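Down below is the structure, laid out as structure tokens.
Note that ligands are numbered from 1 as they come in the structure, with each ligand's atoms numbered from 1 the same way. All values derive from a computational prediction rather than experimental measurement.
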Amino acid sequence: MTLPGSPFLARRDGSLQLDGVDLQALAQRFGTPLYVYSQAAMLDALASYQRALAGRRHLVCYAMKANSNLAVLQTFAQAGCGFDIVSGGELARVLAAGGRADRVVFSGVGKTRAEMLQALQVGVRCFNVESESELRRLSAVAREAGAVAAVSLRVNPDVDAGTHPYISTGLRENKFGIAHERAREVYRLAASLPGLKVVGIDCHIGSQITQTAPYLDALDRLLDLVEALEAEGIAIAHIDIGGGLGITYPDETPPRPGELVAQVLARMDARGHGQRELLLEPGRSLVGNAGVLLTEVLYLKPGPAKNFCIVDAAMNDLVRPALYEAWMAIEPLQQRATAAQRWDVVGPVCESGDWLGRERDLALAEGDFLAVLSAGAYGMTMASNYNTRPRAAEVMVVAGDAVLVREREPLVQLFGTERRLPTPSA
Ligand code: LLP
């Protein structure tokens with residue numbers, strides 16, 4: 001049986017397997033909560049982009065905020081990817097994983113001076129700039145460093161990506177990007193500043209997008225601008241259409257990456273921009289369905305209004321349900337023959353909002369293991385230490401072998417940098 005989302009996840013003889021590896025065995029070997037990723041599933045998702053882009057000038061910049069484990073970054077770097085980063089910390093990770101700085105685009109509305117300098121020193125490919133103040137600051141920092149910063153302006157195309165308000169970013173009321181109607185003026189400023197060189201244009205309209213139409217609308221707006229700017233003598237070498245392509249959680253049917261890319265390229269061709277380099281910043285669609293979060297059932301607590309299944313993973317491990325009311329599939333690692341009951345699957349954290357799934361029909365016993373599916377994106381990267389809970393371990397399945405790619409966080413690391421107050425002198 002194949003499960004929603006990933007052809008790499010299957011049930012055989014009642015046991016859930018990721019890329020042919022028995023997940024219950026991993027839960028027992030490495031303990032829970034445990035994130036498990038399939039390298040093959042990640043590479044398969046990337047290949048869908050790459051096949052459609054073959055023969056075209058392009059760079060896939062993996063939006064590493066989705067999953068920034070070094071082994072994941074290494075996997076994508078070796079497959080030729082660049083990276084979309086949003087902090088100096090992410091830049092350090094890319095370099096530690098063996099990624100190339102000249103394939104990094106630096107996004108984000110609030111880059112600090114120190115982060116700009118760090119990125120200039122290692123030679124990132126491009127800064128995706130989001131405001132005039134940022135342009136001026138970047139120019140000044142580049143001048144002081146004796147460097148020239150390559151810039152693209154993130155244009156807010158004001159298109160509705162039709163997604164959750166917290167992850168919709170391309171609307172006028174969002175904090176992101178430079179308003180479409182002001183973009184030309186801001187490009188003129190960029191072209192005039194001494195520490196900058198204009199190289200591109202970008203947008204990112206939101207996340208978990210399940211249609212191609214908003215991308216094509218945004219692309220049209222970018223191409224209108226490119227034509228107007230080039231008519232003024234401001235050359236735009238690349239177009240970056242951001243990330244945001246959705247995945248299947250319960251039943252969404254987003255286009256495959258290859259379909260989206262084919263439509264984007266066709267629109268570029270139709271408008272005479274076939275030679276222009278295309279950048280993309282996919283995050284979730286590369287890793288989301290390549291990962292699961294494994295957890296053990298600690299207690300079953302049937303009640304008058306609700307039945308609670310208390311597991312050892314919590315909102316600190318996976319915050320998407322609590323934060324966005326995201327629905328993520330939950331599957332037992334071993335199927336039971338007993339009748340299913342309806343459960344709210346909740347964690348040990350002291351908040352009513354600490355749930356992973358509500359009203360799920362599951363046949364369960366204490367000590368069973370469960371998997372939260374589609375947890376490869378925005379799972380571990382959004383984990384916290386709330387309730388002084390160490391963050392989960394991470395395992396990657398590589399060619400049939402389970403490799404520990406992050407140890408469970410030792411407790412001492414949780415408060416090892418804290419200091420007790422000095423004892424008052426008598
Ligand atoms: N590029 C930029 C500039 C972004 O802000 C993002 C995501 C991406 C690319 C990648 O988008 P993706 O392909 O992953 O949709 N924590 C939320 C998602 C937040 C996305 C933020 N920006 C979630 O768990 O649904």
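Geometrically, ligand 1 and Tyr324 share a nitrogen or oxygen pair separated by less than 3.5 Å. At under 3.5 Å, not a single nitrogen or oxygen of Ser285, backbone or side chain, sits near a nitrogen or oxygen of ligand 1. The shortest N/O to N/O separation between Ala66 and ligand 1 does not fall below 3.5 Å. Of the polar atoms of Gly243, none of the N or O atoms is found under 3.5 Å from an N or O of ligand 1, judged by distance alone.
When heavy-atom distances to ligand 1 are checked against a 4.0 Å cut-off, Arg284 comes that close through both its backbone and its side chain. No part of Ile209 comes within 4.0 Å of ligand 1, judged by heavy-atom distances. At a heavy-atom cutoff of 4.0 Å, ligand 1 is contacted by both the backbone and the side chain of Glu281.
Dense packing is recorded around CD of Glu232, with more than 12 heavy atoms of other residues, nucleotides or ligands lying under 6.0 Å away. Heavy-atom contacts from other residues, nucleotides or ligands closer than 6.0 Å to NZ of Lys306 number more than 12. Around the CZ atom of Arg408, the shell of radius 6.0 Å holds more than 12 heavy atoms that belong to other residues, nucleotides or ligands.
Between Arg154 and Glu281, no side-chain nitrogen of the basic residue sits less than 4.0 Å from a carboxylate oxygen of the acidic one, so the salt-bridge criterion is not met.
Within the 4.0 Å heavy-atom shell around ligand 1 one finds Pro282.
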